[in-house]
Amino acid sequence: MRHFLRDDDLTPEEQAEVLDLAAAMKADPYAAKPLAGPVTVATIYDKPTLRTQASFAAGIAELGGFPMLVDGILAAIGIRESVPDVARILGRQAGEIVWRTFAQGNLEQMASYAGVPVVNALTDEFHPCQLLADLLTLREHKGELRGLTVTFLGDAACNMGNSYALAGALAGLHVRFGAPEGYTPDADVLARAAEICAGTGGSITLDQDPIKAAAGADVLVTDTWVSMGKEDEKAEREAVFSPYALTQELVDHAHPDAVVMHCLPAYRGKEIAAAVLDGPRSIVWDEAENRRHAQKAILAFLWERRGAHV
Ligand code: NVA
């Protein structure tokens, strides 16, 4: 059974195949109905959501399926019932399961017991659906992904940092992290990304100087400094990350045709200046729309392979 729990659950070739499928689905959104029936897809959110819930619901409907919302608070997975029990119950009701939760280990357990494909809709460790959307958006704006320089600024220790390392490596990107000491992606993720880069020609570099990290980059990316679940660290995080804010000055150091991305929600005046987020270089609304197309593609990809025990 194939799952999408982290970015490197796809090979470089499979990532490209999913992106091609996403582009085709975007061009003709109602043509492919692999979930006709309708097949039910269970979607569960243990953390706040807007884009993810809306884009999965709309995308599953476009695929001919039924998006079943399982209330994360009522289900209280892992508290009221164990993850393996919930997995076996949902796997008997739904053809695929989409889960946003805290620990990656719980998501892995869900995948072990569900008997149906499981998709990571964000954990503390990874946000692989967002990366598919980001790569789709970059292909639209920049063409070939391989060889692009993408600078991720700010809290690189979060799910987005880890996913940029892995998905960027798979796509053959040169990913630069402009992040303070202690806020880089996980060491084992960086080691895995380096292995992938050896095959794809990508690279990963860490730089504590935001200007050096941004210099000449094709793409500047940032994310909130206070990820969901870290709210009690808000004050100290704002102090640590303030030199890494994505300002117009940093944009001026990037390539003249550089684009700016942010997975949203954005905090104007914190990790990104309002003039940058709302300015001519920003492609964040395309990026948000592309969640739907990218997620349709990964759901269809997994559904097609649901019999395969890989
Ligand atoms: N790093 C952020 C991503 C939000 C989509 C968080 O986990 O809150």
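All residue numbers refer to positions in the sequence shown, counting from 1. Indexing begins at 1, ligand by ligand and atom by atom, following the structure's order.
Remark: aromatic rings of Phe177 and Tyr183 are distant, center separation not under 6.0 Å.
Using a heavy-atom distance under 4.0 Å as the criterion, the protein contacts of ligand 1 are Leu122, His127, Cys158, Asn159, Asp223, Thr224, Ser227, Met228, Cys263, Leu264.
Here Leu250 is tied into one hydrophobic group with Leu153, Ile211, Leu220, Leu246, Val251, Val260, Leu264, Ile272, Val276, Leu277, Val284, Trp285, each link being a pair of ILVMFWY side chains closer than 4.5 Å.
Atoms NE2 and CD1, from His3 and Ile97 in turn, are 9.0 Å apart once rounded to the nearest 0.5 Å. With rounding to the nearest 0.5 Å, the separation of OG1 in Thr205 from NE2 in His174 is 9.5 Å.
With Phe301 as the aromatic partner, Arg305 meets the cation-pi criteria of under 6.0 angstrom to the ring centre and within 45 degrees of the ring axis.
Although no hydrogens or angles enter the test, the distance criterion places no donor-acceptor pair under 3.5 Å between the side chain of Ser163 and the main chain of Leu131.
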